[in-house]
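The chains referred to below are lettered A, B, ... by the order of the sequence lines, with proteins before strands, and numbering in each begins at 1. Hydrogens, waters and symmetry mates play no part in the numbers below; they use all other heavy atoms, side chains included. Being a predicted model, the structure only gives us computed values, none of them experimental.
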There are 2 protein chains.
Amino acid sequence: MDATPRLGEQACFALYTASRAVIGLYRPMLDRLGLTYPQFLVLMALWEADGRTVTALGDALQLDSGTVSPLLKRLEAAGFVERRRGSTSSGGDERRVTVHLTESGAELERRGCEITQVVGTASGMSYEDLIALRDKLNEFTEAIRTRENATD
Amino acid sequence: MDATPRLGEQACFALYTASRAVIGLYRPMLDRLGLTYPQFLVLMALWEADGRTVTALGDALQLDSGTVSPLLKRLEAAGFVERRRGSTSSGGDERRVTVHLTESGAELERRGCEITQVVGTASGMSYEDLIALRDKLNEFTEAIRTRENATD
DNA sequence: CACAACTCAGTTGTGCGCAACTTAGTTTGG
DNA sequence: CCAAACTAAGTTGCGCACAACTGAGTTGTG
């Protein structure tokens with residue numbers, strides 16, 4: 001039990017594998033919309049609340065500006081979002097950039113919802129089990145984040 | 001309930017976030033060994049069974065040669081592994097490359113084990129809960145992999 | 001033997017993630 | 001008012017992931 005941990009016994013490895021597997025399941029469906037999974041997450045965040053700033057999006061997705069900025073650049077190039085610097089909604093602060101869905105980006109909402117339904121079904125788990133798994137994972141993430149600095 | 005799924009409600013997003021969080025927890029500890037998380041996984045696979053071929057490693061880690069090959073290149077450059085083409089252990093097949101721990105790579109085993117222990121503790125979950133979570137995740141991954149082609 | 005089908009490892013190109021840094025703009029304290 | 005501290009977004013560099021492809025080597029079939 002204190003012996004070398006085997007790959008298959010590790011919860012972390014299971015997490016890493018499961019995460020990639022589910023993104024792989026999304027991939028062919030998102031491909032048809034011209035989206036990657038992280039791009040899809042950005043749109044989900046905007047369907048929920050449009051016009052967020054770059055940092056607010058980063059907080060929602062737990063990603064820093066070094067990841068979000070180029071991601072938004074590609075989403076803008078694809079015509080799904082628009083960036084506005086120093087908009088009145090951010091108090092005219094010229095540092096802030098708000099991100100807004102274009103018509104094309106808003107239109108993806110319906111098809112996007114269908115995809116999440118399909119993935120939920122493909123998991124082979126009941127709705128209740130999925131909720132329970134989600135809550136366990138969020139609890140896990142929270143525990144890690146609070147201990148993050150203590151273990152350095 | 002059929003409305004637009006919110007980010008925080010999605011099990012997939014929880015998975016994606018948890019996976020990155022746990023790798024982030026490993027990072028500072030692995031940094032000290034000069035390893036990334038995927039590189040650490042390769043070493044774990046080799047501590048378990050040394051001298052595997054590149055494809056066998058890929059199967060163990062669920063990664064293709066396009067990811068594993070450069071990964072091994074970096075591990076070899078760092079002096080932790082050695083690659084041998086057409087070794088007798090693979091029947092002299094000149095296509096096959098077997099990967100072997102160097103002394104330096106083998107020595108990391110003890111410190112690597114300690115790290116997995118620390119991470120397990122930092123999760124804030126009991127041993128039983130971690131096992132249960134791991135099994136749920138593996139079940140989840142398995143379900144997805146079998147349905148993968150059906151949902152295209 | 002010949003040669004097509006296949007297998008294995010590796011390369012190329014794109015898009016994340018993340019650390020470290022840069023630049024522009026805002027706030028704070030003297 | 002002005003300089004220092006801070007904040008927001010973006011850039012750079014590196015290491016994955018993954019699709020698509022390449023080329024060397026092996027196997028199967030006639």
Next on the checklist: Can you give me the closest heavy-atom contact between B:P38 and B:L61, atom names plus distance?
Outcome noted: O-CD2, 4.3 Å
Checklist outcome for this item: To the nearest angstrom, the CG-C1' distance between A:L71 and D:dT11 comes to 15 Å
Next on the checklist: In terms of relative ring orientation, are B:W47 and B:F40 parallel, tilted or perpendicular, with 30° and 60° separating the classes?
Outcome noted: perpendicular
Checklist entry - According to a strict under-4.0 Å criterion, is B:R85 in side-chain N/O contact with OP1 or OP2 of C:dA9? => result no
Checklist entry - Taking CD from B:E94 and P from C:dA9, how many angstroms apart are they, rounded to a whole number? => result 12 Å
Checklist entry - How many angstroms lie between CZ in B:R85 and CZ in B:R96, if you round to the nearest 0.5 Å? => result 12.0 Å
Next on the checklist: Looking at C:dG17, I'd like to know if its phosphate oxygens (OP1 or OP2) sit under 4.0 Å from a side-chain N or O belonging to B:Y16.
Outcome noted: yes
Checklist entry - Can you say whether the rings of B:Y26 and B:Y37 are parallel (under 30°), tilted (30 to 60°) or perpendicular (over 60°)? => result tilted
Item to check | Between D:dA9 (C1') and A:D59 (CG): distance, integer Å | outcome: 13 Å
Checklist entry - Among residues 33-54 of chain B, which residues get a heavy atom nearer than 4.0 Å to DNA chain C? => result B:T53, B:V54
Next on the checklist: Is the phosphate of C:dT11 approached by B:K73 (side-chain N or O, under 4.0 Å from OP1 or OP2)?
Outcome noted: yes
Checklist entry - Do side-chain atoms of A:D64 reach the backbone of A:T67 as a donor and acceptor pair under 3.5 angstrom? => result yes
Under 3.5 Å, N/O pairs linking protein and nucleotides 19-24 of chain D:
none

Checklist entry - In degrees rounded to 10°, what angle is found between the helical axes fit to the five outermost pairs at each end of the helix from C:dC1-D:dG30 to C:dG30-D:dC1? => result 10°
Checklist entry - Considering all heavy atoms of both residues, which atom of A:L137 and which atom of B:A14 are nearest to each other, and what is their separation? => result CB-CB, 4.0 Å
Item to check | Presence of B:S69 side-chain N/O under 4.0 Å of C:dT11 phosphate oxygens OP1/OP2 | outcome: no
Checklist entry - Should B:R52 and B:D59 count as an ion pair when the cut-off is N to O under 4.0 Å? => result no
Checklist entry - What is the distance, rounded to the nearest whole Å, between atom CD1 of B:I23 and atom P of C:dG17? => result 10 Å
Item to check | Phosphate OP1/OP2 of C:dT26 contacted by A:R96 side-chain N/O (<4.0 Å) | outcome: no
Checklist entry - Are the side chain of A:S123 and the backbone of A:G120 linked by a donor-acceptor contact shorter than 3.5 Å? => result yes
